[in-house]
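Below is one structure, written out as structure tokens; comments come after it.
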Amino acid sequence: MSDLKLDNLHKSYGATKVIHGIDMQIDSGDFCVFVGPSGCGKSTLLRMIAGLESVTSGTVSIEGQPVNHVPAAQRGLAMVFQSYALYPHMSVRQNLSFGLENLHMPKQEVQERINEAARMLQIEELMDRKPGQLSGGQRQRIAIGRAVVREPKIFLFDEPLSNLDAELRVAMRAEISDLHSRLGNTMIYVTHDQVEAMTMADKIAVLRKGLVEQFGRPLDLFNYPANRFVAGFIGSPAMNFADGVIKGASVVLNAGGTIPLPQGRFDTTDGQQVTFGIRASHLSLDENGPIKLSVKTVEQLGTESYVYGQLDDGTDFALHQLGQVDVQQGTVINLAPTLDHSHLFDTDSGLTQRIDTAPT
Amino acid sequence: MSDLKLDNLHKSYGATKVIHGIDMQIDSGDFCVFVGPSGCGKSTLLRMIAGLESVTSGTVSIEGQPVNHVPAAQRGLAMVFQSYALYPHMSVRQNLSFGLENLHMPKQEVQERINEAARMLQIEELMDRKPGQLSGGQRQRIAIGRAVVREPKIFLFDEPLSNLDAELRVAMRAEISDLHSRLGNTMIYVTHDQVEAMTMADKIAVLRKGLVEQFGRPLDLFNYPANRFVAGFIGSPAMNFADGVIKGASVVLNAGGTIPLPQGRFDTTDGQQVTFGIRASHLSLDENGPIKLSVKTVEQLGTESYVYGQLDDGTDFALHQLGQVDVQQGTVINLAPTLDHSHLFDTDSGLTQRIDTAPT
Amino acid sequence: MLEALSNAFSGNSWPVAFIIYLVLGWVLVRPKGRIGGQLMSALGWPIEIAQRLSGATGLPYIFLLPNMIIFGLFTFSPLFINIGFSVTEGQSILFENRPYAGLDNARRLLAETQIDTGALNREDDKFLQAVADTFIFVIFQVPIMVFFALCTALALNREIIGRAFWRSVFFYPVMLSPVVVGFLWTLILKRQGVLSITLMNWGIIDEPIQWLTDPSWTMFWSVAVYTWAHLGFYMLILLAGLQAIPKDLYEAARMDGTNEWRMLRRITLPLLMPTLLVVTILSLVKAFQAFEELYALNVRWISLVAYIFETSGLRGQPTANGLGIAATASLLVALVLILLSLLQIYLTSRQSK
Amino acid sequence: DEVTFLCYQDGNECEVFAGMADAFTAKTGHTVKIDTVGYDVIRDQLENQLQTGSAPDVARVTNLGGLNQYYLDLTPHVDTAYWEENYSATLPWFRQPGGEDAGIYGWMTQLTVTGPYVNVSMFEDAGVDMPGAGATWDDWANALREVKETLGITAGLAMDRTAHRMAGPAFSYGAKFFDDTGTPILVDEGFRKFAETFVGWHKEGLMPAEGWPAGSGTQYKNAAPLFLSGEVAMHMSGSWMINNYAENIKDFDWKVVPAPCGDGGCGAMPGGAGVVAFKSSKSPEAAAMWVDFLAQTENTEAFAAATRNIPAHAGLQASGVDYGDASPVVAASLSVFAANAGEAAKSTPQAYTFQGYNKNHVIYGIVPDYLTKAITGEITLDAALEAIDADVAAKIAE
Amino acid sequence: MSAVWQFLGRRQGHDKLSAVDWIVYIYLFFGFLIIALPVGWIALNSVKSAFQLEKQDLSILPSDFNRVARATVYSDQGREIFIINDLPDWVLNWKDLRPEERAARNVPEFLASYEGRAFYALRSHLGQVPTQVRALIAAQNMPEWLLRYPSMSATARQDVDIEAALAGRSADERRLLGEFLGLAPYEPNRMISQILVTAPHPETGVVQNYAVPKFDPSRPFLAARDATNATSGVIRIPTETATATRTINPSWGNYIEPLSGKAFGVNVNFAACFTNSVLVTLIATLLTLLINSMAAFSLSKYKFRGQTMFFVIILATLMVPPTITLVGVFKAINATGLSGSIWGVIIPGAATPAGVFLLRQYMLTIPDELIEAARMDAASEWKVYWRIILPLALPALAALGILSVIWRWNDLILPMVAIATTKEAYTIQLCLLEFRGEHLSQEHYRLAMTMVSLIPTTLVFVFLQKHITTGVANTGLK
Ligand SMILES: Nc1ncnc2c1ncn2[C@@H]1O[C@H](COP(=O)(O)OP(=O)(O)OP(=O)(O)O)[C@@H](O)[C@H]1O
Ligand SMILES: Nc1ncnc2c1ncn2[C@@H]1O[C@H](COP(=O)(O)OP(=O)(O)OP(=O)(O)O)[C@@H](O)[C@H]1O
Ligand SMILES: [Mg+2]
Ligand SMILES: [Mg+2]
């Protein structure tokens, strides 16, 4: 039972309010990812959980116990830093044992834990090197190892992959997921890369400006975004949005074109200003399609192709197709949305107009 | 006629040979991209063309004239550097005019050229700012602007996008393509990102260890890679490779499984050691498929999914599917290759065994 | 004011030559643009011309040249002149009046008996005394200063109120000239100075102490004042070193449950080691050269440099062979200092690898 | 021609010269450019300048014999009879050692003599009578001890830190300084006796810790601040101090007393600064004329009166000088010093030999260097005396 | 109050000051005292009068005790010592007055109001004796040698008949002449100022005024003379029972006189010293920046044969100060004809190895691409240097500039070697040393001028503090 509960959490730096009241319940064993644009408060939130940052108001509870005033070291958490924060002057072994020695743990046990962690992370041959002699991926493993040996209730990761190159990131992503499934610990993971979020998380919390916009399973966020922000943030390329007005059972786009809405899916009123949303891969080339796109760039990647262009009113739109498409720059093409995958948001509030919710 | 010819070009730093003899003919108006792994000599080659690096042997000719001994400034080229190399202490206007002033061009003309470039690149409102006050994308435009005002015969770009974040890269990619189509200049562009290469190039030169492995149009390289290196380098995720032996008209994989080969497509001999290649998106889930994959990770990105795993002999294999797939980690799945898109390379030489070539 | 200006620029051909040089440059290069730019363009005309004539190959040497000329004239040639003095004898400063003496000066400096009179030599005692005293000074001064510089840097690296103010306060003595430092402290430490009198008023001592010349105090105060004057500089370097230690290491250590003392011992000090090394060696070299402050303080003992200074007779009465003896001593000191600095270069370059 | 004149001053000497230069110009048409510098420069830099050929034409120097090799012989330019008549006592000081040199090299601007200043008020307050004429150093030491005890002052006697001031008392104790051939024999019976006494005075506290022990090496140290601040009752200094004391002492009475005596006589060191012309001068004629001009009786008298110094001019010494508005105290002090010089010439002629010795400056520094160590107990007195002998021998060997 | 504590105690992440914080603040505060007190002490002393400094008076503020006059008069009754109360200040301070100030006083009229021994004391004190004697001799046609008599040699005195010359003079005239000539029983009368203290009489306990020579709290007793009853002798009064009053009186003249060249006994003109130092500092710094940056550019941005050698040489000699090779430096400066002018300080000091090192390290961080871009832009190498490198190295140049200002301003050795003989070229540090004269020490001027010499560096410090701390720290040298 190493669950974590945040209760109306606030944080201000002097007059600057950074976290505006966050409630969250993270269950034991969950892999929870915090995503959000830069500066939204992800790191701050994580550091408050870790105890590195004081709480302005609200409660952080671990296993039901409020820990607001418990020092970082005694909360039973471990943190993996973005830059890993390995002690550069200590060997890998010393890096791993340092925290345990601070607890005055018997040598014997320290040794055992380290060896076990080393085996698990396959870093046995690196034990006597210094961090400076390791590659990025190896360092990452040591940083995780340092957390693992402490057998924490909860792991915290603050953008642990953002310093790596693309290739290594992919590999590390897999390793961390793997680790999670083996250890079964609660993990909280901060990133602003939503590919990471989508592929690793059991639950994702999307943050914006110190508030949680949506908290749920990845595919639920993808398929049932609660508002326009989440819809735009989750998924790559970002969802296409076009403003329009409800006319009966259809949306009339400001750029021209009428899109019929599936029945009973959206809760709309006539004349409502709405934003229609559709992902690039849910569009198809269709001579009769209601959406007219002036093509600006075509990117042929071999196995897939992207077409970028603008609607008549200047709204950017993108099309994503598998395989190689036969579209020329400068032409105008017609696109049809897959109606099942279309979204509708209130233009003013940004809230989804969908009635159905994700299956639980 | 601003074509560029490289003739048996060599470069050594002391005893280290970096470029081993490169012949290449780049036509006027072409957008030519050099790709290759890190350290393969792309930058060196570009800098030799620019005149920033001396030529050890061989000739660089521009418009038919050898320019080996012409100083950089007088070759009529312009270069956009990876970090842009904007003069941080000068305003945008001064950055643009610095080179022209060095040529003692009349003030009037300098002004005109700058204004024109500014208009073209839409940086008119930025003219009095310093580079430090600009966003990454804006800086990029200034760097290009600095090249444009010199009205060079040839543009050289050395990984101009590698410092940008993913989003901006996509946008900038499009802008550079756009600029090329408007100016019609010859452009040489170095990158090691093959997405960039694929989407921007008229011609791609794949370099490895100081030699050109293949030089041709992007889709030709994608569809008809000349050897295993090019096949593995072009396309993302990288092509899957599995070693095997030719048995009649089929390949018997070392990991088990027999794959029939399309008739008349490959030039093989019985018992030949070959490497079978197939892209992740040219595999499909098929209960009878010859390829058995133990699934290690599944990445569901919403619109597409990747499945990573290993064959029986430990070879890594990946599957790429549109949409969301229903595969569980730890299970074994069967895959069938799309035979039309399969590749075959000699294991020793790595050369393709394909008979047909790209249409010209 | 005006008089000083005219004194500075008249009676010497340097300024005139410089103006001619500039005008020539201006004519040759014909710079355009703003006045500052024109000046700079004109200033560099030899380099411009050289590049036009022969390309870029020789340019690095030309860029080095002005510095190297001055450097050669006033830093190198003195070294060689000193070698010249050390192998010749006599009282004259002119080489034509100084007969060659081989190693005689070294013997005058170091031998047991005086080679000119056959009596017991006194010079070696003095020199060795200076060496010994200087060593004592260095041995105490360097660790003490490094320790306090470190303490101060550690204190200033904390989140304290008015950090910039404190930093300035501790750096300020570095801005004072040795003359001022000497004068300042003499005022306090002389027999009837504030220190003695205050201590007497408090009943700690019974009669005033001659802090700077009392043999049991002179070294203490030499070290103290020298440390006072230079601490700020090293404090600053250490502070920079401390600030270069990534903050997240401390956070990681906090997560690891490290207490402050252990944080200092296991994290801060090891990571500060490279800087500490630089500081130690720099201050070691500086302490060996200690002279000006001590000279201004009139301390009782004679440092190595003061010995050279005095013996050379450049100030004070020239004595027979004093120049040669001083030159020999100076070469010995220079050798030690160069070895020390090479050690530093070696250690720092090893560190940076 | 222009004569460049490097001058230093204890009081207003250079200003007086400046006034006289106008008269000189009026008389001869040559001009004099006076460069007033600190004494340091004369002592430390002049010889280097001479060696490197950047010296002035004329300078006011104190190292009279030491710079002989650079002097311009004035004989061809001046009335030698006049010079020999009036300056015969001091002319040898400028000459080369050995006695063969008969050149005329310089004009003594003034005669200085060492001697003690006494804080009269202290004696009065303590109720101690000052020893009279002919008293010995021991008498004075006893009297000073009493004053010190009674008033609770720091010390009784202060002395500038140089062998020049110490020489007079040492002569009194019988130190010879030179053997019959004129070579220095510093440490003899008399010297040793005085050195013992001198160290003893320091140890018992009769002499202050701020005096000799406060200096290091061969460094000179002026004890005047001690006297000025009322810390000591007696200052062993010299006639050059009169003006300073007359000017600056406002809160006690002071006077100059005759040099105390001893077995060896009543020792005092004569000395003074001389104006010399240098061979390297570009206009030797004019330089020589300037020196000669200054040496003329009326000018010398005017100079002595204006600067309140004892003239080195024999005739003026006898006839006295009209010191104008000078306070009677100053005049009286000057005459005591002049008497000291006369007494020394009789009872301790080695004082004049020492003053004329061209390496006396070396000895001035070496003696304090080692005696200080003996005072502070770093070495024994015997070792110090031995060291003085050896070091002097090494330093003057050529 | 609690708000103040809260402010002082505010910290991120922690609620209140820990024990370590307290120790740190105490440490810093002591450090502050150790640094600020000596500097403050100098500042306070710099406005004390010469007299106060001479007396080693350690009171914090510039002040003097209230004083009375003590006179010693010789007459046929012998020596008499007595106190004169209530003299005007100008009489007490007669010796401090400038000639014109003395002339402005009507001394005879003042003297007329006194008689007896006080009159004789004051007549001597106010310098009337020589004047009156001169007048008397002229008026009475007495022999002129009388004026020379005080300095006449003993033998010469035997040749003159002093009694005859004085024959027939009145008692008053005899007394005047006796004081002047030092004829027994007369000696020159004297008058001095003493400190006025109030204390109970040690035996009777009556509180009254005394005159004492020195008020030194460290001495157990004072040798005091009754300031009211003129004839009593010296009594000892315990120091702690005595009180003396002081008047605060800053001597701004300590500053004004040397700066306007009017200071007595100071051979240098401080305004000129200051100008010289400013010139030296400015020109040398500009020159240093120019040639050091050129060398650093060459060493950091080119590859050429001998590069490492040049660099190592520069580094190695970084550690050999001119102090050690002094004689050689002296010869070199002389040989180049620079000695005796400020150029002898400016030029040899311009090529600082430390500066080259600092700039080189900084220039290494400037991307080569910028230089290549400029070359592509057809800029000449000189232009690359001053249009690209110099502006970009500005932070390092600023740091070096500040360092150079400090070095040059505070430099002592080079000026001593190069310009010690030419007073016109003296820098401020040399001028400060001027006070260590042979016989005079003008401590009050020296203190004041020391304060003046601190002004520029302090200004530099205050305004460029940030650059120093970042610039110096990041290069690690001095
Ligand atoms: N010490 C501080 N003082 C004041 N404001 C701060 C402080 N630390 C962070 N902030 C502000 O708090 C907000 C949240 O910062 P935080 O580091 O949590 O963002 P983030 O979501 O982690 O961003 P990123 O993705 O860039 O790491 C930012 O606007 C930041 O400017
Ligand atoms: N100045 C040099 N001296 C010696 N070797 C060099 C030098 N410059 C480059 N090299 C070597 O030449 C090879 C090619 O370098 P180059 O910079 O051209 O690679 P690249 O293809 O641009 O790599 P990247 O993608 O990392 O930029 C590398 O192995 C490099 O180590
Ligand atoms: Mg963050
Ligand atoms: Mg490259």
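Each chain gets a letter, A, B and so on, in the order the sequences are listed, and its residues count up from 1. None of the values given here were measured: they were computed from a predicted structure.
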Main-chain N/O of B:F98 paired with E:R387 side-chain donor or acceptor, under 3.5 Å: no
Distance in Å, B:Y87 OH paired with E:I371 CD1, rounded so as to fall on 0.5 Å steps: 10.0 Å
Closest contact, heavy atoms only, B:L77 versus E:M376: O-CE, 3.9 Å
Residue among B:P152, B:A73, B:A143 with most heavy-atom pairs under 4.5 Å to chain E: B:A73
Over 12 foreign heavy atoms within 6.0 Å of OH, B:Y13: yes
B:E175: salt bridge (charged side-chain N to carboxylate O under 4.0 Å, His left out) partners, not counting sequence neighbours: B:R141
B:Q74, part contacting chain E, at a heavy-atom distance under 4.5 Å: neither
Which portion of B:L86 sits near chain E, non-hydrogen atoms under 4.5 angstrom: backbone
Contact class of B:R75 relative to chain E, heavy atoms under 4.5 angstrom: neither
Minimal non-hydrogen separation, E:L392 against B:P88, with atom names: CD2-CG, 3.1 Å
Working for side-chain contact (heavy atoms from CB on, under 4.5 Å), residues B:E101 and E:D377: CA-CA 9 Å; B:E101 280 166 15; E:D377 270 347; over 6 Å; no
Part of B:A78 lying under 4.5 Å from any heavy atom of chain E: backbone
Considering all heavy atoms, the nearest E:E372-B:F81 contact: OE1-CE2, 3.6 Å
Over 12 non-hydrogen atoms of neighbours within 6.0 angstrom of CZ in B:R182: yes
B:Q133, CD atom: more than 12 neighbouring heavy atoms under 6.0 Å: yes
Heavy-atom pair with the smallest gap, counting every atom of E:K383 and B:N102: NZ-OD1, 2.8 Å
